[in-house]
Amino acid sequence: MALGALSHIAFTSSDLDRSAAFYDLVLGFIGYTRWPAVAGQAKWKKPGVGIVLIYTAKNDRAHDRAAPGLHHYAFEADSRAEVDALHALLAANDVTTLDAPADYAYTSGYYAMFFADPDGLKLELCFAPHAYTPPPT
Ligand SMILES: [Zn+2]
């Protein structure tokens with residue numbers, strides 16, 4: 001464990017079974033394992049990395065990433081090839097891709113793709129080899 005490291009993140013879903021199938025696909029690709037969860041939730045773990053939880057939504061309001069709250073969540077990739085491979089996997093499973101893999105100027109070498117979960121939550125897989133490199137002085 002590391003002080004400040006992300007422990008877990010919980011998303012809400014309007015349809016737990018539909019979302020669980022989606023997250024099985026995505027999280028399975030990036031190495032998470034489905035884990036037993038309490039009723040009304042689904043859980044995936046990747047030891048040493050994190051825990052993703054899905055809670056059943058308590059109302060039917062649509063997610064709005066432009067409103068206060070979560071804008072998007074990014075998972076790390078170890079290579080550009082992994083970003084491309086997830087893009088291909090999602091396309092083969094009719095998952096909405098928001099932005100195909102591309103280079104971004106956020107940090108040197110940043111390469112990412114963006115997609116949406118079944119409730120429209122924006123997700124990202126990024127290869128950011130210099131994300132934690134201190135800025136030049
Ligand atoms: Zn991002």
Side-chain angles (χ1 to χ4, degrees):
M1 296 191 288
L3 179 63
L6 183 66
S7 168
H8 60 276
I9 187 161
F11 303 129
T12 49
S13 166
S14 63
D15 181 329
L16 192 64
D17 290 339
R18 180 181 67 171
S19 291
F22 169 84
Y23 283 98
D24 277 339
L25 180 71
V26 171
L27 296 175
F29 175 84
I30 58 178
Y32 283 72
T33 302
R34 185 81 171 266
W35 208 263
V38 300
Q41 297 184 10
K43 182 191 296 183
W44 294 259
K45 291 185 180 183
K46 186 169 183 178
V49 176
I51 299 169
V52 177
L53 296 156
I54 306 295
Y55 294 171
T56 301
K58 292 186 170 32
N59 66 57
D60 59 359
R61 277 189 312 221
H63 175 71
D64 179 359
R65 68 177 172 266
L70 181 68
H71 184 276
H72 71 280
Y73 188 84
F75 296 96
E76 289 187 353
D78 290 323
S79 68
R80 293 170 67 98
E82 288 174 346
V83 175
D84 293 338
L86 180 60
H87 181 249
L89 178 67
L90 296 179
N93 285 278
D94 298 321
V95 173
T96 302
T97 297
L98 301 174
D99 297 293
D103 294 297
Y104 292 88
Y106 306 135
T107 58
S108 176
Y110 200 105
Y111 185 73
M113 64 156 300
F114 299 87
F115 54 104
D117 88 347
D119 288 297
L121 180 65
K122 185 176 182 179
L123 300 170
E124 172 184 359
L125 183 65
C126 65
F127 174 59
H130 304 290
Y132 302 105
T133 302
T137 55

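Whatever order the structure lists them in is the order used to number ligands and atoms, beginning at 1.
In this structure, CZ in Phe22 is found 8.5 Å from OG1 in Thr96, a value given to the nearest 0.5 Å.
Among residues two or more places apart in sequence or in another chain, the ring-ring contact (aromatic ring centres under 6.0 Å, His included) test is passed with Tyr55 by none. Judged as a ring-ring contact (aromatic ring centres under 6.0 Å, His included), and not counting sequence neighbours, Tyr32 has no contacts. In this structure, Asp15 has no salt bridge (charged side-chain N to carboxylate O under 4.0 Å, His left out) partners at least two apart in sequence or on a different chain.
Distances from the Zn ion (ligand 1) under 2.8 Å pick out these protein N/O/S atoms: His72 NE2, Glu124 OE1.
Between Arg80 and Asp103, at least one side-chain N (NZ, or NE/NH1/NH2) sits under 4.0 Å from a carboxylate O, which counts as a salt bridge.
Aromatic pair Tyr104/Phe114: ring centres closer than 6.0 Å.
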